[in-house]
Amino acid sequence: MKEQINQIVSKYDGDRSRLMDILHDIHYKKGYVDEQDVKELADTLGVSVAEVNETVSFYHFYSNKPRARYNIYLNNSITAIMNGRQLVKEALEQLCGIPFGQVSEDGMFGLFDTSCIGMNGQEPAAIINGIVFTNLTPYRVGKLIEELKAGKELEEAIYESCGDGNNADPDIHSMVYNHIRKRSILLDRNYERFEVLKNKLSNYSPQDIIQIIEDSNLRGRGGAGFPTGMKWRFGRLVEGEHRIIICNADEGEPGTFKDRVMLTEFADLVFEGMVIAAYATGADIGLVYLRYEYKYLLKYLNRVLDEMRSENLLGANIRGVKDFNFDIRIQLGAGAYVCGEESALIESLEGKRGEPRDKPPFPVEKGYQDYPTIVNNVETLASAVKIIKNGAEWYCGYGTKDSAGTKLISISGDCRFPGIYEVEWGTSIREVLDMCGADDVQAVQVGGPSGMLVGQRDFDNLTNSELMKWYKPSGMMVAEKFFDRKLSYSDLPTGGSMIIFNNSRDLLHDVVMNFMDFFIEESCGSCSTCRNLPLIMKKKLEKIISGHGVRQDIDDLLSWGKILKVSRCGLGQTAANPILTSILNFRHLYEKHVQAMADYDNLFDINKSVEAANKFVGRKADFHHAN
Ligand code: SF4
C-alpha cells in the first residue's frame, strides 16, 4: 500500500489540505485506512500521526477498520421511519445475517445507520458504495441482496429506470427523483444558459454588481439569512493575496433536499452565481463543498465545469475581462452535519476535522487558508444570477418587505405530494399544506430539527386579549392561528425544510426523540454543553414518556435548553430546539405524561429540608431559584 499511498499523495502534489481527497482515494482502493496507512500518510505529508487520525476518525464515511465489499448505510431520519424503515432494516439483517453496525464474516455486506441523506420525499433510502437507493421495501432489498450475492455489479442492480430530469443523464444515472412541484422565478425556464456571464457582466463594474445585490435584499438561503450584498462588500474590502468563493453544498439539515435538486437541474445557474460573486468580490479561487451523500452528482458537476472552461466562463481573463481569473474545484465531504457551519466547512476544506472555529475573525476576513472567504449557499448563488439578469426592483416585487424574492421549500412527511416548492416569502404554512395535499395535520417541523415544531395551536405566545379572540362561546379553543404564520425572516424563517406529521404520529416518542438522537450523533464534541446536555435531556424525556416524570422535569428541560445556547456553534445552540419547541407548542403532551406522578410533584421541598441547617450556619439559600 505504501507505493499506492505515495502515488495518491503525488496526485495531489503532496498538499496537506487535500487530505480529504487522499483519504477518499485510499478508501476507494482499499476500503479503509489502517494504522500503517496513517503513519505512511503522516510521513509523506509531513504532518503528525495525530493530525491524520483526527481527520480519519471524525467523518462518518471514513473507517480505520476493514469494511465490507458492499457497505449499506440506511438512513435513520424520521421520514424513513414513518415510511417503514424498521421492516427494511429487519429484512437486511436477515438477508445479510448480521445486525446493524457489523460486517458479515465473508466480508460481503456491512450494515450501518446514517443521518439524513437528502432523500426525504423518497424514503426509506440507503447509500451503498456511494450509490443512492430510494423507496426501499423488504421485497426490493431482498431482490437487491439476492442479485449482489449472485455476482451482479451494484451499478447493474439498480432495479428500475432512472429518476426524472437530469437524474437520467448518463453521468448521474440515478433512481433519485427531483419532484419539483411548484416553480416560480428561480426554477422557471425563462433563462438561457450562462446568459448573464455571456451578455451582461461586462456592462457592470464589480461595485455595480454588489449594489444590485444589496438593493435586491437577497439574504442567505442556507438558514442564517445574512444579507448577501453586505457579505460580498465586506469580502471585497479585505486585503488578501487570494480571495475565495465557497459554495456551501453540504445541506445536512434533516428534511432538506432543495440544494440537491438545484445541483441536479440548475448546476449551471449555481456555478454562474459563483463566477458573478467572484467578479464582484475580486475572488480568484472557487470551491464547492459537496456533501458525501451527493457524490453521485460529482461526475456530472465536473462535466458542467469543463463545459464552462471550454467557453472561457472559467479560467483566465474570463469572457475577455482582463485579469478576471477564476476557477472552481469541487471538494467532496465525508459525512458530518456540523460541516454545514461555514467555519467547520472551511476546516474540512483544509483537510482537518470539521470543527467550528471561534469567531471573530469571521471567514470573510480570515477563512480558507486564512484568505478572505465568502461562503454562500447553493440557492443564494443561483438567485443572484436571476437578480443580475432582471434587476433588484424586479426581485423586490416578489415576497414581502423584509423578505424579498422566493424560497425553495423541501416538503416531506404526511402529505400526498412531497417534493420541492418554490414559494414567495410571505406564504403561510396553511397555504403550503394545501399545495402539498396534507390533511389531518398535527404538526409541522419548520427548518429541520434545529427549527421549530409547530402546531395548529400556538396559544402560549398570545397575550390575554388576543387569547380571548380565539375562544368560542363553548369555551373551546379552536384557533388555527399557527398555520397562518408566514414564511419570512420576521415571522417564520427557514432554511427550507418542512416535515409534516399527521394526527397518527407520536410526536414525543417518535419525532422529538429521533431529532435528539440526531444531535447527539452529530455533535463534534468540542463544547461540554453540546457534548453532554442533549443526551441528558433525551434521558429526561425518556423518563417523562415512560410515565416516571414529574412537572419539575419539564421545567428542568426548559432551563437546560437555555444552557445549551452558550455552545460555540449553531448545532449546540439549537440542539435543544426539538424539546423546547415541542414544550412550547405541545405542552399538553408532556402534561399528559407527568399526570400519573402528580402526587410526587410537591412531596419533597429542598428549601424546607435544609432550613434548619441554613439557620444554624446563618445562610440564606433558595435552591429553586439558584440558577
Ligand atoms: Fe461542536 Fe457542538 Fe460545540 Fe458546535 S456546539 S462546536 S458542534 S460541540
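All values below were derived from every heavy atom in this structure, side-chain atoms included, with hydrogens, water molecules and symmetry-related copies excluded. All ligand and atom numbering here is 1-based and tracks the order in the structure. On a predicted model such as this, the values are computed, not experimentally measured, just so you know.
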> If you round to the nearest 0.5 Å, how far is CG of Asn248 from CZ of Arg291?
Replying inline: 11.0 Å
> Centroid-to-centroid, Phe518 to Tyr337, below 6.0 Å?
Replying inline: yes
>> Check for me: within less than 2.8 Å of atom 2 (Fe) of ligand 1, which protein N/O/S atoms show up?
In response: Cys530 SG
> Going from SG on Cys116 to CD1 on Ile499, what distance comes out if it is rounded to the nearest 0.5 angstrom?
Replying inline: 7.5 Å
Would you tabulate the side-chain donor-acceptor contacts of residues 562-573 under 3.5 Å, counting partners in other chains and residues two or more places apart, or write 'none'?
{"unit_1": "Lys565", "atom_1": "NZ", "unit_2": "Gln573", "atom_2": "O", "d": "3.2"}
{"unit_1": "Lys565", "atom_1": "NZ", "unit_2": "Asn577", "atom_2": "OD1", "d": "3.2"}
{"unit_1": "Ser567", "atom_1": "OG", "unit_2": "Thr529", "atom_2": "OG1", "d": "2.8"}
{"unit_1": "Ser567", "atom_1": "OG", "unit_2": "Leu564", "atom_2": "O", "d": "2.7"}
{"unit_1": "Arg568", "atom_1": "NE", "unit_2": "Asp358", "atom_2": "OD1", "d": "3.3"}
{"unit_1": "Arg568", "atom_1": "NH1", "unit_2": "Pro356", "atom_2": "O", "d": "2.4"}
{"unit_1": "Arg568", "atom_1": "NH2", "unit_2": "Ser526", "atom_2": "OG", "d": "2.7"}
{"unit_1": "Gln573", "atom_1": "NE2", "unit_2": "Ser567", "atom_2": "O", "d": "2.8"}

>> Restricting to non-hydrogen atoms, name the atom on Arg353 and the atom on Tyr59 that form the minimum distance, rounded to 0.1 Å.
In response: C-OH, 3.6 Å
> So, do Phe61 and Tyr73 sit near enough that their side-chain heavy atoms are less than 4.5 Å apart?
Replying inline: yes
